[in-house]
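Data block below; observations after.
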Amino acid sequence: MKKIIMSKVNAAFNDCYNKVSSLAKDASLADKYEAILPWNKTCSENFPPCYECFTEENENYKNWKDVEGFLPNITFTKCCNNEIEFSFDNKFVNLMVFALIVEVNGADITYCSDSAIEYGSGYSKESLEKAFEIRGLNFHQEDDYKIIISHK
C-alpha cells in the first residue's frame, strides 16, 4: 500500500482540509482530486497541467470530471488533527503531483510505500533534491520506503 500524509504548514491548508472533511463517502474520484489538487491551480494556472501526469491524450480538458476515466484511485483514510491521509494506486506516484500537493495546499507531505522507492531513469536522489530546492521545497528520503517533501 502506498499513502500520503499531509500535515498543515499554513492557513492555505484549511481549504483543502475543509473540502476533504466534507466529501461524501461515495464522492466521485473527480471530487476527491478537486479537494487536493484544485483544477484552477494545478491545471489552469500550472504548466504543464497536472492532468497530463495521468492522461495519454494531449487535449484541453476543462475539469477533473473530464479526465476521471484516466485517474488512479485515491482513498481518504484520515482527516483530523490538521492531517489528511490517503492511500492510492501505484499510478498516482508522481513527484510533480506530490510537489503540487505541497505547494497549493499549505502542507508538507510524507509519502510512504510498502515497497522500496525507485527513481525513474535519469533521476537520482541528488537531482531530485536540487529540483525541489528550485521550487522552494525540501526533498528528503528518510529511508527506502519514505520520502518527505516540505516547505523551506
Within the distance-only criterion (no hydrogens, no angle test), does the side chain of [X] pair as donor or acceptor with the backbone N or O of [Y] below 3.5 angstrom?
X	Y	answer
Trp39	Lys62	yes
Asn81	Glu83	no
Ser44	Lys41	no

message: Ring centres under 6.0 Å, that's the criterion: do Phe54 and Tyr33 meet it?
response: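 Yes, the ring of Phe54 comes within the 6.0 Å limit of the ring of Tyr33, centre to centre.
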Between [X] and [Y], is there a shared hydrophobic cluster once you connect ILVMFWY residues whose side-chain heavy atoms come closer than 4.5 Å?
X	Y	result
Phe98	Val9	no
Phe132	Ile5	no
Leu23	Val104	no
Phe76	Val93	yes
Ile84	Ile101	yes

- request: Find out whether Ser7 and Thr110 are in side-chain contact, i.e. whether some heavy atom of one side chain is under 4.5 Å from a heavy atom of the other.
  value: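 Contact flag for Ser7/Thr110 side chains = no.
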query: Quick one: does Cys80's side chain get under 4.5 Å of Tyr17's, heavy atoms only?
result: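 A side-chain contact under 4.5 Å exists here.
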- request: Quick one: do Leu95 and Tyr111 satisfy side chain to side chain contact (heavy atoms under 4.5 Å, CB included)? Show the steps, please.
  value: CA-CA 10 Å; Leu95 293 174; Tyr111 163 53; 5.7 Å; no
Using atom types as modelled, flag every donor-acceptor pair under 3.5 Å from a side chain in residues 145-152 to any protein atom, sequence neighbours excluded.
unit_1	atom_1	unit_2	atom_2	d
His151	ND1	Ala107	O	3.4
His151	ND1	Asp108	OD1	2.9
His151	NE2	Val102	O	3.4
Lys152	NZ	Asn138	OD1	3.3

What's the spacing between [X] [atom1] and [Y] [atom2] if we round to 0.5 Å?
X	Y	atom1	atom2	value
Lys125	Lys130	NZ	NZ	15.5 Å
Asp143	Gln141	CG	CD	7.5 Å
Leu100	Cys50	CG	SG	5.0 Å
Lys65	Asn63	NZ	CG	9.0 Å
Cys16	Lys8	SG	NZ	11.5 Å
Thr42	Leu37	OG1	CG	5.0 Å

message: Could you report the tightest heavy-atom contact between Lys19 and Pro38, atom names first, then the distance?
response: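 For Lys19 and Pro38, the tightest heavy-atom pair comes out as NZ-CG, 4.3 Å.
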field: Closest approach of Glu68 to Ala30 (non-hydrogen atoms, all atoms of both residues)
entry: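 Here Glu68 and Ala30 meet closest at OE2-N, 2.8 Å.
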query: Out of Asn82, Val20, Ile36, which residue meets the side-chain contact (heavy atoms from CB on, under 4.5 Å) rule with Met6?
result: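 When Asn82, Val20, Ile36 are each tested with Met6, the side-chain contact (heavy atoms from CB on, under 4.5 Å) holds only for Ile36.
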query: Would you say the side-chain atoms of Ser115 and Lys2 include a donor-acceptor pair closer than 3.5 Å?
result: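 Side chains of Ser115 and Lys2: pair found under 3.5 Å.
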- request: Take Trp64 and Tyr51 through the test side chain to side chain contact (heavy atoms under 4.5 Å, CB included) and record every step on the way to the result.
  value: CA-CA 8 Å; Trp64 286 116; Tyr51 66 76; 4.0 Å; yes
Between side-chain atoms of residues 85-92 and protein atoms elsewhere (two or more places apart, or another chain), which donor-acceptor pairs fall under 3.5 Å?
unit_1	atom_1	unit_2	atom_2	d
Glu85	OE2	Thr77	OG1	3.1
Asp89	OD2	Asn73	N	3.1
Lys91	NZ	Phe70	O	3.4

